[in-house]
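Below you'll find the structure, written out as structure tokens, and then a few comments.
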Amino acid sequence: YAVCFLVDNSWSVHAERMVEKVKGVVLRLLEDAAGQGDKVALVAFRGGIPEATVALPLTRSAALARRRLQEIPLSGQTPLADGLRLSRLLLRQELAKHPDAVPLVVAVTDGEATVPLRRGGNAVADALAEGARLRRAGILLVVADASRAGGGLNADLARAGGGISIPVAELAPEAIVDLVQGVERR
């Protein structure tokens with residue numbers, strides 16, 4: 001697998017005291033994936049700038065992944081569409097080099113998209129469109145819902161991406177394999 005973790009490090013997730021829990025879950029998943037020989041990448045939102053960034057290019061290094069995850073700063077806004085776009089571009093580059101890789105985006109978010117791709121755009125519509133682009137690119141999508149009560153657009157995003165949405169509390173390394181196999185069969 002080539003797994004890109006999109007981590008929502010915005011204020012809305014922080015306000016719910018979910019950021020540390022999210023980082024803990026993602027850390028376990030990163031270490032497990034890297035331990036299995038899978039490549040992992042990390043995309044997050046930039047602190048103070050309304051855009052996403054590749055915090056960690058694809059690697060098999062669990063130590064590097066752990067360090068980068070712990071260094072992710074808090075972000076004020078949620079450029080979810082940009083994060084999905086960067087995840088897709090990163091995985092498409094990997095597929096060009098390694099066509100046999102199985103690309104997967106694990107988006108850990110509360111689904112409260114606040115930043116559109118273009119000024120004057122619609123943040124929610126852009127995120128859903130990026131979800132659909134993932135599906136067309138053959139990239140699997142698992143949305144780990146970090147919202148309080150299943151709010152936000154997570155279920156719609158998973159549907160648009162041809163993937164699934166699960167509560168972040170249910171996200172575990174062994175569950176990812178089952179989830180991915182379920183998404184692959186669709």
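- Nearest heavy atoms, Lys39 versus Arg60: CE-NH1, 3.6 Å.
- Taken from CG in Leu42 to CZ in Arg67, the straight-line distance is 12.5 Å, to the nearest 0.5 Å.
- Between Pro57 and Ala41 the shortest heavy-atom distance is C-CB, 4.0 Å.
- A pairwise comparison of heavy atoms in Leu95 and Ala101 identifies CD2-O, 3.3 Å as the closest pair.
- Using a 4.5 Å heavy-atom cutoff, the side chains of Leu140 and Val105 are not in contact.
- Between Pro116 and Asn122, the closest heavy-atom pair is CB-N, 3.8 Å.
- Put simply, the side chain of Asp126 gets close to the backbone of Leu117: a donor and an acceptor are under 3.5 Å apart.
- Residues Leu128 and Ala160 share a closest heavy-atom pair of O-CB, 3.6 Å.
- With a 4.5 Å cut-off on side-chain heavy atoms, Val106 and Val3 count as touching.
- Here the closest heavy-atom approach between residue Glu94 and residue Ala2 is recorded as CG-CB, 4.0 Å.
- Remark: His98 NE2 to Leu58 CG distance equals 9.0 Å, nearest 0.5 Å.
- Using a 3.5 Å distance cut-off with no hydrogens or angles, the side chains of Thr109 and Asp8 do pair a donor with an acceptor.
- Distance check: Ile164 CD1 to Leu157 CG gives 12.5 Å after rounding to the nearest 0.5 Å.
- With hydrogens and angles ignored, the 3.5 Å screen pairs a side-chain donor or acceptor of Thr114 with a backbone N or O of Thr78.
- Panel note: side chain Asp145, backbone Pro167; no donor-acceptor pair is recorded below 3.5 Å.
- Rounding to the nearest 0.5 angstrom, the gap separating the CD atom in Gln77 from the CZ atom in Phe45 is 10.5 Å.
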Quiz: residues 79-93 side-chain donor-acceptor pairs under 3.5 angstrom, not counting sequence neighbours:
unit_1	atom_1	unit_2	atom_2	d
Asp82	OD1	Arg85	NE	2.9
Asp82	OD1	Arg85	NH2	2.7
Asp82	OD2	Ala52	N	2.8
Ser87	OG	Gly83	O	2.8
Arg88	NE	Glu130	OE1	3.3
Arg88	NH2	Glu130	OE1	3.0

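- Considering CG of Asp156 and OG of Ser165, their distance stands at 9.5 Å, rounded to 0.5 Å.
- A 4.5 Å side-chain heavy-atom check between Thr53 and Val43 finds every atom pair outside the cut-off.
- Leu104 CG to Cys4 SG: the interatomic distance, rounded to the nearest 0.5 Å, is 9.0 Å.
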